[in-house]
Amino acid sequence: MELNFANIEEEVKKLWAEKNIYRVENKSDKPKYYVLEMFPYPSGAGLHVGHPLGYIASDIFARYKRHKGFNVLHPMGYDAFGLPAEQYAIETGQHPAVTTEKNIARYREQLDKIGLSYDWSREFKTSDPKYYKWTQWIFIQIFNSWYNPETNRAENISTLISKFERNGSSQISNLKSQIFSAVDWKSFSEKEQADILMQFRLAYLADAEVNWCEGLGTVLANDEVVNGVSERGGHPVVKKKMRQWFLRITEYADRLLQGLETLDWSEPMKEMQRNWIGRSEGALIRFNLNPNQTSPQPSPSEREKYSGTANQKGWSQEFDGIEKANFYTTDSSTHKALKPIARELRKNDTAAEDLIWQVVRGNQLGTKIRRQHVIGKFIVDFVSIENKLIIEIDGEIHEQQKEEDAIRTAFLNSEGFKVVRFKNEEVKNNLENVILKIKTELQNNLTLNPSPSEKDLNTNSEHSAIEALTPSQKEKGQGMRFIEVFTTRPDTLFGCSFMVLAPEHDLISKITTAEQQAEIEKYVQYVKSRSDVERMAEKKITGCFTGAFALHPFTQKPLPIYVSEYVLNGYGTGAIMAVPSGDSRDYAFAKHFNLPIPNIFSDINIDEKCYEEKTAVLCNSDFLNGLDYKAATKKMLDALEEKNIGQRKINFRMRDAGFSRQRYWGEPFPIYYENGIAKTLPENELPLTLPHVASYSPGPEGQGPLANLKDWVEMKDLTLNPSPSERDLNTNLDHSTIEAQTPSPLEKGQGMRFRETNTMPGYAGSSWYFLRYMSPQEDHAFVNEEAMKYWGAVDFYNGGSEHAVGHLLYSRLWTKVLHDLGFINFDEPFKKMVNQGMIQGQSKFVLCATTLNCVTTFGEIYISNDVASQYNNLDELTKFVVNEVEEKYNGRFENKAALRMQFYPTRVPVEYVDGEKLDFVSLKLNEPIRFNSSGESIFITNSNNEFLCRTEVEKMSKSKYNVVNPDDMIAQYGADTFRMYEMFLGPIELSKPWDTKGIEGVSRFLRKFWNLFFTEDKLTLSDAEPTNEEIKILHQTIKKIDADIQKLAYNTCVSQFMICVNELQTLKCNKRSILEPLLVLLNPFAPFITEYLWKEIGNTNSVIDAPFPTHDEKYLIENSFTYPIAINGKTRVNMEFALDADVAVIEKSVLENDQVQKFMEGKPMKKFIFVKGRMVNVVV
RNA sequence: GCCCGGGUGGCGGAAUUGGUAGACGCAGCAGACUCAAAAUCUGCCGUUCGCAAGGAUGUGCUGGUUCGAUUCCAGUCCCGGGCACCA
């Protein structure tokens, strides 16, 4: 009988709805089980075949658990706030709520087709005020808490205030603010108190850097920034400090780390979280700044310290010549190498160089000027060694040159030279002026580098975010004349030869010498245009010398201080001690800038690369000489603490979580500012609903669009929630909600109240949604207490590994905070976590040619490299294109050969591609505009007039035209087939490309299965006793399915079902005792067909309530095994033996075998290896 | 760059604790049924040498451990994901 899945699905859906089969109660005699998958963000593209992968996998598990007798909670909802809806709104003016609603409807429609066992009565979306009311409420709780290090948990801020009132700051071990007494505390103004408390709150305000795009007047997500410019419009993007909300997740670093041990998550997942948290043990070390900036070079005696036995390339070599004569500014070998080049340059000097040379040569300016002089590895145009001045004449300036010049300048600066540059034109046109400038510089440089003023160093830095983020950073620049670094390798301190600051480091502006000022500014500006990822990924070494020096804490040797982007401000103290011999990045940096690389490792050669292992014994390290890593580390830590140079420190890589966005489509903060103090709205007024805006463009100073709503921002009418009810703010104010810092743009206006105009980030709503499913209608709390106690933590959580860190970490944080504050009774949200891999799309590319608008006179066909490498028959192709183009443009261009073509592969929608071939006709009919680029394009065919496509596997996405819609699959093959095929593709945690072709196999399987129940066109089951064979295959299948579902190996489950059905078909089995349990086994995978047949064979309940079959081992026992017999590991023969046969018997029998003897070639047996039930190996 | 994962036939993948590599399926080839097509069924199907029997070789690459390695170890290349404001 034909399987008509469409009718079956229809009928079964009706039955499910009638009986409300997936409705779950918050109480039951059965044990509970909570199965959850990450809820989707409803994008405009709808679901593609990748989405259901996880949903089906979880659904199978949920159904399995229900068969196993659990009360299963399996809900679904929508993560509905987010950037794409807002961007769409900016483009089209449609309200995000409208598009979101539309998208959700579409998602729901698609989800309903798949046969998922959701309790839809629990559905919600995070953008619903009924939901985000509680997101806001939880935020208030977080805002009103601090982390008490004594109790090791979050507490209400009131416990901190009472500590302050009683004892001032003295009892607080994690003090983040100034020291004060109880009397002081009481004397502080409200604002002063608020400022102090803000440094403890778990949700707090601080300055942080954002991607600022002046062109768009807005802050951009990292995602929206490509190569330093905005993705939309290509405007430059720079880092800018803005006042932001943060969650103090760093306080939970240790608990988040330790909590992992209790969780049943995959090891790689835990590993990723561990690495994110990034706990490392090491030391904070203070390096004093050199009070006398005029001694940039080490004295000979200092140099000697480096001249140990180890093969090294330190100062002693670099400065080899200094003692011989002061104009030896490089080592002898470099000089030898460069001398001929310098001579050559002197002979062929440019006109400009000659002009200058004639004026400055000899002693004309009162100091000896040398030309084409070698310094380090560079040849400089002119130099006065006495005055430490270099004069360079620039020719044509291009990008690369600029960069090289910067590097060159940095090096020369580090050697104590000042560099002045003149352009060719300048010299030619205004020589007098140039000479005057040179004279002035020579004069200035006679009085050596002035040190930065004391005053500068002593001024307190303003309160900055960074201080709040990492306590240790607070001290930097606060009048301390030292640089503090964090290192995990204090044992290598004697190998430190320079220091590097992050480009954002506060100290930079205070220590940079006058002559380096311009360079540093340029460099810092350059870094501002780069993202953190770019900064880390870049192999190119960049940096800039500050002109300042720090002193080695033990040797007092001056260490040059550089700025480089490879040091990140967010990690540690934003400054490092560079140990080039022991760290690859430091090593590369030192090589690049010609800095010394003192070797501190005995018997290790560091000429080619540094030594990062921890096994060598130290040398050239004063009191650490002869010690290994462990002993040296301990001794150094002790020494640091004893001498008060530094201390032991546990550092975390994790930073506090930025919690505000300059966006519209997110939860408004339940916060307003009064006299510069952040205060919370009264809880009973929540939710603060998102007001309508006329435009979704950003506020005047880059704030979110809400900032444009003047009436809403300035709470003139004292209404917290604008209409309908007018309420008096003063009577409703919650007294525990006090104090905070000001949002800078809103500081004016005493007594006025201003709303927070930022909104919460995407992860706000998703950090606690799993709790809401327990009691989605609850109106008096974020979760009903009884429901929370019944369901507890999620037992089985599934989602993409792309969320492995962010979402999972934030959810764990919120859970822990809610637990600490006594609202829930568990402190880990997800007991078991499974990652599904991605289903990737197969993008199809067809070769395309476009005429460039500017027709050049080159008379050539231009073929870009990537095309050339993809198509190997270019000659033929080129000819073809030339012909095509000539034909097409005949008469329009006088010179046909002057056409310039650009070839590139263009994406075409997968639905028009069958295998490799593009159906060009339907493409043209259905997508007439989409593929017109600015020029005219020609799709290129091969010689058979076919449009052949190249395939590339990438993320499935609308913009890549590679989306396969599950609806189409279901319409064509049915939901059960679709479900099983998705599972059959491979292990669920693996990413794999979608290929529709394979679905036929599963479709065939289900038809075969269906036909087992029918003879002719009638459903007939036999009640006869099953044969041993039939029983065996059933029990094998039960065993395999049960085990594999628990392992989530659904692909092998499908294989086993196929094996089973193939066998039963061969046996022509239609016995009830075999097929009925099989229906239950198959139900989690194919719920429609099994539900239908279950009813058809006479059951009145739903198949989902049938208990899962159990297998009986006795049907599976084998009594013999066919052993592969290997000689020297190579299988040669198979021999069957009873499983309980004696080894000696087997050995005898094997050795007597003809084949075995043949392969033993008469050699004596060395060893006989026998593994029962596995194999035999004869070693000769 | 750093962190995590992956690499096995034309394709998706299977292989228990280190024990017969390629289960199951797709595609392909041959055949049966049919007037024909579809559907269905049967057989073949890593590469290579060979008429065959049979042999050699084969799990990204290079080594190592082992009687035996897809599996363990070291190194290396390539691909995917994440890297803190996409979700």
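Labels below follow one simple rule: chain letters A, B, ... track the order of the sequence lines, proteins then strands, and each chain is numbered from 1.
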Sugar-phosphate only, base, or nothing, as touched by [X] at under 4.0 Å among non-hydrogen atoms:
| X | value |
| --- | --- |
| A:Gly82 | sugar-phosphate |
| A:Arg585 | nothing |
| A:Ser660 | base |
| A:Val1176 | nothing |
| A:Arg1007 | sugar-phosphate |
| A:Val1178 | nothing |
| A:Gln87 | nothing |
| A:Arg653 | base |
| A:Ser766 | nothing |
| A:Lys1040 | nothing |
| A:His807 | nothing |
| A:Asp79 | sugar-phosphate |

For [N], give the paired nucleotide (Watson-Crick: N1-N3 plus N6-O4 or O6-N4; G-U: N1-O2 and O6-N3; both under 3.5 Å), or none.
| N | result |
| --- | --- |
| B:rU62 | B:rA74 |
| B:rG46 | B:rU57 |
| B:rG12 | B:rC24 |
| B:rG31 | B:rC41 |
| B:rC83 | B:rG1 |
| B:rU17 | none |

Measure up the [X] and [Y] rings against each other and bin them: parallel (under 30°), tilted (30 to 60°), perpendicular (over 60°).
| X | Y | result |
| --- | --- | --- |
| A:Trp245 | A:Phe669 | parallel |
| A:His51 | A:Tyr55 | parallel |
| A:His803 | A:His807 | perpendicular |
| A:Tyr763 | A:Tyr810 | parallel |

(message) If the test is side chain to side chain contact (heavy atoms under 4.5 Å, CB included), which one of A:Ile1045, A:Leu985, A:Ile56 qualifies with A:Tyr1050?
(response)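 Option passing the side chain to side chain contact (heavy atoms under 4.5 Å, CB included) with A:Tyr1050: A:Ile1045.
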(request) Based on the glycosidic angle (syn within 90° of 0, else anti), state the conformation of B:rG82. (result)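 Anti, angle beyond 90° from zero.
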Does either side chain, that of [X] or that of [Y], offer a donor lying less than 3.5 Å from an acceptor on the other one?
| X | Y | value |
| --- | --- | --- |
| A:Ser280 | A:Asn651 | no |
| A:Ser811 | A:Tyr797 | no |
| A:Thr542 | A:Glu565 | yes |
| A:Gln836 | A:Asn798 | yes |

Whole-Å distance separating the [atom1] atom of [X] from the [atom2] atom of [N]:
| X | N | atom1 | atom2 | answer |
| --- | --- | --- | --- | --- |
| A:Ile1041 | B:rC24 | CD1 | P | 15 Å |
| A:Ile988 | B:rG80 | CD1 | P | 22 Å |
| A:Asn835 | B:rA87 | CG | C1' | 15 Å |
| A:Met269 | B:rC83 | CE | P | 14 Å |
| A:Arg1174 | B:rA15 | CZ | P | 13 Å |
| A:Ile1169 | B:rA69 | CD1 | P | 11 Å |

(request) Examine A:Trp994 together with A:Tyr981 and report whether their ring centres are nearer than 6.0 Å. (result)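 Under 6.0 Å, so yes.
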(request) Please check if the distance between the ring centroids of A:Tyr132 and A:Phe81 is under 6.0 Å. (result)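 Yes, they do, as the ring centres are separated by less than 6.0 Å.
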(message) Quick one, A:Trp768 with A:Thr135, criterion side-chain hydrogen bond (donor to acceptor under 3.5 Å, both in side chains). Give me CA distance, side-chain angles, the key distance, then yes/no.
(response) CA-CA 8 Å; A:Trp768 71 280; A:Thr135 308; 3.0 Å; yes
In whole angstrom, give me the gap between the [atom1] atoms of [N] and [M].
| N | M | atom1 | result |
| --- | --- | --- | --- |
| B:rC29 | B:rG46 | C1' | 16 Å |
| B:rA36 | B:rA52 | P | 33 Å |
| B:rG18 | B:rC24 | C1' | 25 Å |
| B:rC72 | B:rG19 | P | 11 Å |
| B:rC11 | B:rG28 | P | 15 Å |
| B:rA56 | B:rA74 | P | 33 Å |
| B:rG55 | B:rC2 | P | 48 Å |
| B:rC44 | B:rA38 | C1' | 23 Å |

(message) Side chain of A:Met272 only, heavy atoms from C-beta on: which candidate in B:rA14, B:rG80, B:rC4 is closest?
(response) B:rC4
(message) Looking at A:Leu706, is its backbone amide N or carbonyl O close enough to the side chain of A:Thr757 to form a donor-acceptor pair, meaning the two atoms are under 3.5 Å apart?
(response)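 No; zero donor-acceptor contacts below 3.5 Å.
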(request) Considering non-hydrogen atoms only, spot the tightest contact between A:Gln703 and A:Gln662 and give its length. (result) C-CB, 3.8 Å
(request) Go along nucleotides 70-78 of chain B 5' to 3' and tag each nucleotide: B for a protein heavy atom under 4.0 Å from its base, S when only backbone or sugar atoms are that close, - otherwise. (result) ---------
(request) Spell out protein contact along nucleotides 5-13 of chain B as letters: B when the base is contacted, S when just the sugar-phosphate is, - when no protein heavy atom is under 4.0 Å; keep the 5' to 3' order. (result) S------BS
(request) Report the residue (A:Met1058 or A:Tyr1123) whose heavy-atom-nearest nucleotide on RNA chain B is the more 5′ of the two. (result) A:Tyr1123
(message) With nearest nucleotide decided by heavy atoms, which residue, A:Val1054 or A:Thr1131, maps closer to the 5′ end of RNA chain B?
(response)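 Nearest-nucleotide comparison on RNA chain B picks A:Thr1131.
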[X] side chain N/O closer than 4.0 Å to the phosphate oxygens (OP1, OP2) of [N]?
| X | N | answer |
| --- | --- | --- |
| A:Arg1004 | B:rC26 | yes |
| A:Arg655 | B:rA84 | no |
| A:Asn222 | B:rA84 | yes |

(request) Look at the side chain of A:Gln662 and the base of B:rC85, then say whether one donor and one acceptor between them are separated by less than 3.5 Å. (result) yes
(message) Tell me whether the side-chain N or O atoms of A:Asn275 pair up with the base of B:rC3 as donor and acceptor below 3.5 Å, since no angle test is needed here.
(response) no
